[in-house]
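Note sheet for the following structure.
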2 protein chains.
Amino acid sequence: MTVAKRKEKHKEDLRGKILQSARELFMDRGFEHTSIRNIAEKIDYSPTTIYLYFKDKDDIFYALHQEGFIILNQYFKSLGLVEDPFERLKAISRAYIQFAIENGEYYDLMFIVRSPMNALDKESNEWTEGDNAFNFLVATIQECIDKGYFQGMHTEILSFTVWAMVHGIVSLEIRNRCKVVSALNQENLAFKANNMVIEILERMHNKK
Amino acid sequence: MTVAKRKEKHKEDLRGKILQSARELFMDRGFEHTSIRNIAEKIDYSPTTIYLYFKDKDDIFYALHQEGFIILNQYFKSLGLVEDPFERLKAISRAYIQFAIENGEYYDLMFIVRSPMNALDKESNEWTEGDNAFNFLVATIQECIDKGYFQGMHTEILSFTVWAMVHGIVSLEIRNRCKVVSALNQENLAFKANNMVIEILERMHNKK
DNA sequence: CTTGTTAACTTAACACCGTTAAGTAAATCG
DNA sequence: CGATTTACTTAACGGTGTTAAGTTAACAAG
């Protein structure tokens, strides 16, 4: 059935084209200014065709949100090679900030915007992409604890807190709340704050 | 000119009614599900009347966002009385989280949603409400530093980082990204993470 | 007391939005 | 060849923010 396969391929192609169109639009206009009608127009199909390939708008942006995690994992990939868990932890936080700064719109979709989360099974607490990225952090922090860092602290809650630190930095930046910091420091504020996070984690340990 | 005053009063009244209508709607449906038409209908005026009292939708939500800061300041008010700066710092972080949990929709508007920031002068870096709240934190951290805490750290960047920590916790919660933390810990996660932040700040100091 | 003006508000419309029901035209199958 | 399925579109529903033009009532001046 080569003919059936060709059809299958074609369907895949169109799904891919929709996704690419959506990706291009949201990359330079942001999520809020990308509509189904825009996406359809860009690939010369009617808006309703989109609905043959995606359940709804949330579903499209869930797919892009998944892409975002693939990109984030590329930033994380080589960090598995860092043997010392505390060094790895520092590297993770830097890679996270780097990813966020270089892929602001993806970051927005992955960790701020509500839309893609609506595509997840309501009530079910599964969020595979998030889980995977978070578990890398949890494992690293567990190794730190095993080596004597963060003594007596709860691994998972500490992991969440460390994540919250870097997420806080990035999301204040993305949503334009950094005006409160005096103008001079606004450049590279995210990186400076990230260094501060690392400094805090280091001091916690060194001074025991 | 008592007659002119009465008119003035009436105008004030309607502006207030619009705001109250907007407030009530967004408090139980959230910002994303509150429209100008909803607001108008609730007070039995046509949608276009709104535009006689507010420049646009962003302008309305900027007003509500300002209200949010008044409420936040009430949470902060008594904390000025805490003499020890480090204790005050801890209390600020707790009050901040408390405010966020009890006023989720306001928090969203104040620190996450883009809309109210659009009402600010573009290019100008002024954000008075944010400045005032942030300066309270900066002053407290400066006092901490004067007392020997956080030695050698940059006051403003540390302040921003501490803010980012608590904001990170709250915004991950509000935008539903806490699924990654195992079910048992999801209750009071924000408070647990906040305690972790406090623990981190304490350890930094105590172990010198 | 009438006229002209202004203030407060509405109607109607524009240009969008996500989404669905119904229809069409071509390809495939029996 | 006729029936059915596939892939897509047209038209529509009920919403959105916003603006131009129109109405109606209150007021001021002659």
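In what follows, every chain begins at residue 1, and chains take the letters A, B, ... in the order their sequences are listed.
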[X] side-chain N/O to [N] phosphate OP1/OP2 under 4.0 Å:
X        : N       : result
Ser35(A) : dC17(C) : yes
Thr49(A) : dT9(D)  : yes
Tyr53(B) : dA8(C)  : no
Asn38(B) : dG15(D) : no

Can you pull out the residues from residues 21-30 of chain A that lie within a 4.0 Å heavy-atom distance of DNA chain C?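 The answer is none.
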Using the ring of Tyr51(A) (Phe, Tyr or Trp, six-membered ring only), decide whether Lys57(A) places NZ or CZ under 6.0 Å from its centre and within 45 degrees of its axis.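 Checked: cation-pi criterion not met.
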Cation-aromatic face contact Lys55(B)/Tyr62(B), 6.0 Å, 45 degrees: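 Judged by the rule (NZ or CZ under 6.0 Å from the ring centre, within 45° of its axis), Lys55(B) is not positioned above Tyr62(B).
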Could you check how far [atom1] of [X] sits from [atom2] of [N], rounded to whole Å?
X        : N       : atom1 : atom2 : value
His33(A) : dT16(D) : NE2   : P     : 18 Å
Ile43(B) : dT10(C) : CD1   : C1'   : 14 Å
Ile18(B) : dA8(C)  : CD1   : P     : 12 Å
Ile60(B) : dT16(D) : CD1   : P     : 13 Å
Tyr45(B) : dT10(C) : OH    : C1'   : 12 Å
Glu32(B) : dC17(C) : CD    : C1'   : 14 Å
Phe54(B) : dT19(D) : CZ    : P     : 16 Å
Leu14(A) : dA7(D)  : CG    : P     : 10 Å

Check whether any side-chain heavy atom of [X] lies under 4.5 Å from a side-chain heavy atom of [Y], and answer yes or no.
X         : Y         : value
Ile198(A) : Ser93(A)  : yes
Tyr107(B) : Tyr96(B)  : yes
Leu201(B) : Met204(A) : no
Ile50(B)  : Tyr45(B)  : no

Only pairs at least two apart or in different chains count here, so list each salt bridge (charged side-chain N to carboxylate O under 4.0 Å, His left out) that has a residue in [range].
range                       : value
residues 127-144 of chain A : Arg88(A)-Glu143(A)
residues 76-86 of chain B   : Asp84(B)-Lys147(B)
residues 171-190 of chain A : Asp108(A)-Arg175(A)
residues 18-32 of chain A   : Arg23(A)-Glu67(A), Glu24(A)-Lys42(A), Glu32(A)-Arg114(B)

Report all interatomic pairs (protein N or O, nucleotide N or O of nucleotides 21-25 of chain D) with separations under 3.5 Å.
none

Sequence-distant partners of Ser124(A), side-chain contact (heavy atoms from CB on, under 4.5 Å), two or more places apart: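 So Ser124(A) forms a side-chain contact (heavy atoms from CB on, under 4.5 Å) with Asp121(A), Glu126(A).
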Residues in side-chain contact (heavy atoms from CB on, under 4.5 Å) with Thr128(A), at least two apart?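 In terms of side-chain contact (heavy atoms from CB on, under 4.5 Å), with neighbours along the sequence ignored, Thr128(A) is linked to Asn132(A).
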Partner set under side chain to side chain donor-acceptor pair (under 3.5 Å) for Gln98(B), not counting sequence neighbours: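 Counting only residues at least two positions away or on another chain, Gln98(B) forms a side chain to side chain donor-acceptor pair (under 3.5 Å) with Glu102(B).
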My understanding is that only residues two or more places apart in sequence, or in another chain, count here; which of them pass side chain to side chain donor-acceptor pair (under 3.5 Å) with Glu199(A)?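 Per chain and number, Glu199(A) pairs via side chain to side chain donor-acceptor pair (under 3.5 Å) with Arg203(A).
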Using the C1' atoms of five pairs at each end, what's the angle between the two axes of the helix from dC1(C)-dG30(D) to dG30(C)-dC1(D), to 10 degrees?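 So the angle between the two local helix axes works out to 30°.
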Nucleotide N/O to protein N/O under 3.5 Å, stretch nucleotides 19-21 of chain C:
unit_1, atom_1, unit_2, atom_2, d
dT19(C), OP2, Tyr51(A), OH, 2.8
dT19(C), OP2, Lys57(A), N, 3.0
dT19(C), O5', Tyr51(A), OH, 3.2

